[in-house]
Every structure is written in C-alpha cells, then in structure tokens.
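A quick write-up on the structure given underneath.
Just so it is clear, the values below take in all heavy atoms, side chains as well, and ignore hydrogens, waters and symmetry mates.
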There are 2 protein chains.
Amino acid sequence: MKKNITIYDIAKEANVSPSTVSRVLTGNERVKPVTKQKVDAIIEKYNFRPNSLARSLLYKQSKMIGIILPDINHPFFSTLVQKSEAHALSLGYTSFLCNSMNDTDVESTYLQNLIDKQVDGILFLGGRINQVATDPKLAEEMNRIMDRVPVVFVNGEMAGVDAHVIQTDEKEGITNVIDLLHNLNHQRIAFLGGEQGVTSREVKVNAFKEALARHHLPIHEQWIMNEGFDIESGEELANHLLYLNEKPTAIVCVNDFVAIGVIKTLNKFGIRVPEDISVVGFDDIYLAKDFPPGITSVSQNYEELGKTAVDVLVKLINGESAKKKSTVPTKLQLRNSCQLAKREEVDKE
Amino acid sequence: MKKNITIYDIAKEANVSPSTVSRVLTGNERVKPVTKQKVDAIIEKYNFRPNSLARSLLYKQSKMIGIILPDINHPFFSTLVQKSEAHALSLGYTSFLCNSMNDTDVESTYLQNLIDKQVDGILFLGGRINQVATDPKLAEEMNRIMDRVPVVFVNGEMAGVDAHVIQTDEKEGITNVIDLLHNLNHQRIAFLGGEQGVTSREVKVNAFKEALARHHLPIHEQWIMNEGFDIESGEELANHLLYLNEKPTAIVCVNDFVAIGVIKTLNKFGIRVPEDISVVGFDDIYLAKDFPPGITSVSQNYEELGKTAVDVLVKLINGESAKKKSTVPTKLQLRNSCQLAKREEVDKE
DNA sequence: CTGTTAGCGCTTTCAT
DNA sequence: ATGAAAGCGCTAACAG
C-alpha cells in the first residue's frame, strides 16, 4: 500500500509552500498561473487527493449525512433511500445508510455513531418515529441528538420532539381509495394489515373509517384487522377473514406487501381477484404492477418525498429556516385488482 | 445548535489536562480511579463524545468501509448489502453504501469520494466488475484505487486487476438446475435473460450448455436469448419464445426477476406453470416463494457471501493475508414452478 | 502572489 | 499518575 501522500510532499517537490498547494486545491485565492501548473502537474503525477477528514476537522462540516431506515429490503424504503441518496449527492453530500432492522437499540447505536462521525445532518425513517405512543427515553435521546445536528423525520413523528417532518399524505391516499371503491359500488369494505400503535397504520385506519362514514357505508370492526406489514401478515389476515361468515367485497391493505399476501391466500381458496373480491394496496412498489392481476395501489411520490426531505435537511444544515411540516401528495394508480362490485353483493346490503 | 464540546472543555472543568481526559476515553493507560470518576461524570454531564474525525486523522484509519453496488432496489443486492453491513458493524466498521445505478461514471465518482473520505477498504459489487470484456480505463482506475486501499470484489472480476474475489458458485447452481430438470424428464430446455457480455449471464450460459451436453440433451441456440435482468426482460423474452414454433418444456432464467416476467407472459397466453412449462429462477429473492406458483430457484447464500466478503476485506485492512478467491456454494430451493415433463412432450423428441 | 504560523480535536511520547 | 508538547493533513489569516 502506497504511503499516504500529503500537500507537504507535493509542496516539497514543487518547491512551494504547503499553503500554495492548498490554494491551488481550493481555488479560493489567486496563484500565479505558472506556479499553479507546476503544482497541478505534480498533483496529477501522484494522483493526489486532499484528505477530506482533515478538511472536515477544520471546516467543522463533513459533507456527510446519515440516513437511518428500518429495512433496506423493503421496496418502499429502498426506493425512497435511493432517491434521497442521489439528490444528496447532487448537493455534495455523501450518505451513510444505516439499517436498523426496526430495532431501537440499533437505531441508538447508529445515532451515536453518526454523531461521532460528525455527520452534518440526519434523515430518520420508520422505527421509533412511527410509534403512536412515543417512548420518552427514545424521545429524550432524539432531542439530545438534535441538540447537535439537524434531524428530519420522513413519515413519522415523536411526541415531545420538535423535528422537521416530511409526510406522505396517507389520509388523502386512503380517502381516494374509498371514493374509488364507493364509485365501484362496493359497500362492504375491509381494512387489513399493519401493527397497532404504528402510525402509518393508525392514520390509514382513521382515514378509512372517516371515508366510510362520509359515504354512509357500514364499518365492520371485525373486518379491520392488524398483524404486520409483510406478505405473511397479509396471508394470515386473509385466512382470518375467510373464517367469518360475512365477507367483504373489497379489501383495502395497509401496503402492497400485505395486498400480495391477501391475494395469494384468496387465490388459494379459489376466490378470484378482482372478480370475487377487489383488493387495493399502498405504496405502489415496483412489484404492484407485476404481481397478478396487477395491484391497484396508492403511489407514493418517492422522488419528491426524498428530494424534499434532503432539501429541508440541507437548509437546516446551512442554518436557513425551513417549513416545519411538508406534505407530499399521493396518486392513485389504477390496475386490475379492483372492479365493480358484483350485483348480488350490492343487493345483499 | 450546541457548541461542539471538546476534551479541552472537559479537561478544564475537571481541572485535569486534556491528556488525562484522553486516557480516560481510550482506557489505554492507567488513571487514578478518583480522577477517572471525576472526568467520567463531566463527560456524562455534557454527553460528550470524542470527534471520530480527529481520531481517524491521527490513527490513519477511519473504521469506515465503502460498499459500491449497482442497484439497491434489487433484492439480491439489498439482501446481500444488509448482511454485509451488519457484519461490518459487528466488527466496528461503518459502511458507506454507494448506489451506482450501474453507471460507471457514478462508480468513479464514488470511488474517488470514498478515497477522499479515507475509508479503510471497499467492497465492490456489480457494474464494471461484471463485464466479460474489461474496459482498460476502468481497470486502470481500479488499480489506482487499490494502491491506496484494499478492495474486494463480490461476484465479479476485471482483467488486469488482481483483486480478492468472493464468488457465488453460479456454475454449480446452474448445473444442479439442469440435473433436476433432467431427472424430471425435460429434454427441451431454454435459457432466458441477462445481458451479453455480463459475466453473471455468461457463466450461467456456459454452465447451462455444458450440463446439457453432459446429459446428451440438445442445445437449441434460438432458445438461448438475452435482453436484461429485470422483469420486463423476462416478459419480452417469453414473448419471443412463443413466436417460435418449437417450444421448450422448461425454461431456466438468469435470475428470479426474469423468471417472474416469463411466468407473467406465459400465463397471459394461457400457458400454465408448471403444468405446461416448468420455470426455474436464480437468486432465491424473497419474492420467489410468494410469486405464484412459487418459483424454484437457486439460493444464494447471502449471509455467507456477505460475511466472507467483509471478513476478507477486514483481513486485508489489517495487513493480514487472505484467500485470493473464495467460492460460496448455492442451494437449490425447490418450489412449485417445476414438475415432471408431460408425457407427450417427452415422446416428441 | 507566496511563505509562515496557528489551530481544527485528538492521542501519545516524554518528562515530571 | 499526570502534564506539556508535538503532530495527524489541511486551510486561513497575517505578513511580506
């Protein structure tokens, strides 16, 4: 391994002082063209690059941001993170991606680590900021972190933590779904998936009930079931649903994974989607269009969500003020998993 | 934002010298218990953490590694990266995840960036190390990088670059697949997907042909088609296949995404999987078991692949020697997308 | 236009 | 057991 070359080495070989090399490097101050060329040649020759750690130490900014997320394997997060990372890079920031696997201890470890590494700011997704009931210990920790660097929450909040927030308009998304189903004459609608106490479920359930009420549709509490956010949860919940003797004509799912699980189970029992039951998902992950029959889903505006989050964070880093709460609209993506309610089903009600 | 607190602040408040605080921090040298307690109390009080940039500057190691990957949205990579990141963390290394989106320019940018940030080592996946024909410019760049920090390639190689390599035994995987299909009496087998010139396809195609030959099965060149690695490619290729008047009884796909696309198209034309045509994928992404009818696939040993890669990298970082080339075995995951070839098809041959 | 100097925050000899 | 001083690589005054 080559010895680490420094501006001193360059300076010596060019017969100039380190400051001159530094000036050439930063371009902040004038250097005589001849000198500059000489220095540039040697830099080129050794393929020299300034140590950005040393710079960061001096500038007191590292041009690094941390992104804490609960699961990189989930298409929602991987897509969002990819957009965020790309935008951050275009702004000169390198990202530390930190996979917490939804474990608050891991989150804490990473938060600490990011602070130690002197990141300029942190983007926080999922995990502790998604709990309806905030753990005061975790909030307190969050606040201590925020004393040191700006933090932006994406799709979450914490009681007692006054962070900037970027949010998908989940309520709007679900409302549109119910409007659609209502227009398709569905009257018996279920909501499946998510975990109790996790906001991204609670917000949706509330919007769901509100929209049903507005359309004077019945709310069957036994059709509102939670379990988790993954495919297996969808399978299990659909199983439960099929035990009941009254069955819905449409199922709204907390996300596309759950929708996939639900469709799998329904199909297993010979129930066709959408002919017998309509199913709607949320997130519009890239699979939604490929999983048969093509899942109607609420599309998150990943690009805008990620971009906005990074923009707000960078503003805060630069000491500028930013909107405390930004909401990003959704878009209903129509596919084949929904259709008009069957006539006889409508008559039943 | 709180002023950045340093060991000097701690030292002053504790009436000791900065060196003493440092000693308490590192624990490398003895400090009188009373003094230590006093210092610890103040550290606690201010929630002080040493600036790891300053440390890195001194120690000449940053405890950061870079991971360059082509697409974080692809389950193969997201799973692998997650395993690698977790293992690295357990070894005290924080990871920079760098999404190149398969763009060699972006790769170069990131490589540079990682060097600047003084990472201790780099894990390289996909992209330029997956080309059968290595671009000399890119190889040269790679070599310059390797002069500075250790680099480990995962599932790839570059002509003229003498890097350590961790590889999935793709040949073994495909060979097992053909053995399976042969045992199921398939004689007419196609290979779909991948891009010409990309090793992870070429290796598989070669293994495919070799295995067919070994079983004295015919190789139909028109059934070996490439296009890409995504779902759309699978759909398109299946379309092409259906134009031909001779059709295979089984299709081996370069990966699970292609298999999903193939199944989608076959189903669209009323061809059932596995009743009419058997399909096999590769990677065993988490969807393989969920996409109907459940895709038989070659499972990559993500855990071991990631762990081995990180272990080798860390060895190199520590100046230890490591095996130049490690191969990780695969495991055939049987599901429902393959079955015995239909009798009449067998007779046809 | 360029060199000298000090200092970012930390650790580590070398003294005491 | 502890303090003083030097230095990691770099840049920004301050001189000249």
*Expressed in angstrom and rounded to an integer, what is the separation of B:Lys60 atom NZ from C:dC10 atom C1'?*
14 Å
*Within a strict 4.5 Å, meaning less than it, do heavy atoms of the A:Asp9 and A:Thr6 side chains meet?*
yes
*Is there side-chain contact between B:Arg148 and A:Ile5, with at least one heavy-atom pair below 4.5 Å?*
yes
*Send over the distance from B:Gln118 CD to D:dC10 P, rounded to a whole Å.*
8 Å
*asked:* What is the separation between atom CZ on A:Phe48 and atom C1' on D:dC10, rounded to the nearest whole Å?
replied: 8 Å
*Between C:dT12 and B:Tyr59, is there an OP1 or OP2 to side-chain N/O distance shorter than 4.0 Å?*
yes
*Determine: side-chain N/O of A:Thr6 to OP1/OP2 of D:dG9, distance under 4.0 Å, yes or no.*
no
*Scan A:Val21 against the nucleic acid and name what it touches under 4.0 Å (heavy atoms): base, sugar-phosphate only, or nothing.*
nothing
*Does B:Asn28 place a side-chain N or O at less than 4.0 Å from the phosphate oxygens OP1/OP2 of C:dT11?*
no
*Could you tell me the separation between the CG atom of B:Leu57 and the P atom of D:dT11, rounded to a whole number of Å?*
12 Å
_Any salt bridge linking B:Glu303 with B:Lys307? Criterion: basic side-chain nitrogen under 4.0 Å from a carboxylate oxygen._
no
*Could you state the atom-to-atom distance from CG of B:Asn4 to P of C:dC8 in whole Å?*
12 Å
*Look at A:Asn51 and D:dC8 and indicate whether a side-chain polar atom (N or O) is within less than 4.0 Å of OP1 or OP2.*
no
*Look at the side chain of A:Tyr8 and the base of D:dC8, then say whether one donor and one acceptor between them are separated by less than 3.5 Å.*
no
_Close aromatic pair by centroid cut-off 6.0 Å: A:Tyr110 and A:Phe96_ = no
_Expressed as a whole number of angstroms, how long is the span from B:Leu25:CG to D:dT2:C1'?_
16 Å
*List the steps, then state whether side-chain hydrogen bond (donor to acceptor under 3.5 Å, both in side chains) holds for A:Ser22 with A:Arg55.*
CA-CA 11 Å; A:Ser22 173; A:Arg55 274 186 168 171; over 6 Å; no
*When all nucleic acid strands are considered with a 4.0 Å heavy-atom cut-off, which category describes B:Ser56: base, sugar-phosphate, or nothing?*
nothing
*Please give, in whole Å, the distance from D:dC8 P to A:Ile7 CD1?*
12 Å
_Residue-phosphate contact under 4.0 Å: B:Thr20 side-chain N/O, D:dA1 OP1/OP2_ = no
*Of B:Ala54 and B:Lys36, the one whose closest DNA chain D nucleotide lies more 5'*: B:Lys36
*So, is B:Arg55 close to the C:dG9 phosphate, meaning a side-chain N or O under 4.0 Å from OP1 or OP2?*
no
*Calculate the interatomic distance between A:Lys12 atom NZ and C:dT4 atom P; express it in whole Å.*
14 Å
_Taking the side chain as everything from C-beta on, heavy atoms only, tell me whether A:Leu305 gets closer than 4.5 Å to A:Lys83._
no
_Nucleotide nearest A:Arg23 when distance is taken to its side chain, options C:dC10, D:dA13, D:dG9_ = D:dA13
*To the side chain of A:Ser19, which of C:dT11, C:dT4, D:dT11 is closest?*
C:dT4
*With nearest nucleotides of DNA chain D determined for B:Thr35 and B:Leu58 from heavy-atom distances, which residue corresponds to the more 5′ nucleotide?*
B:Thr35
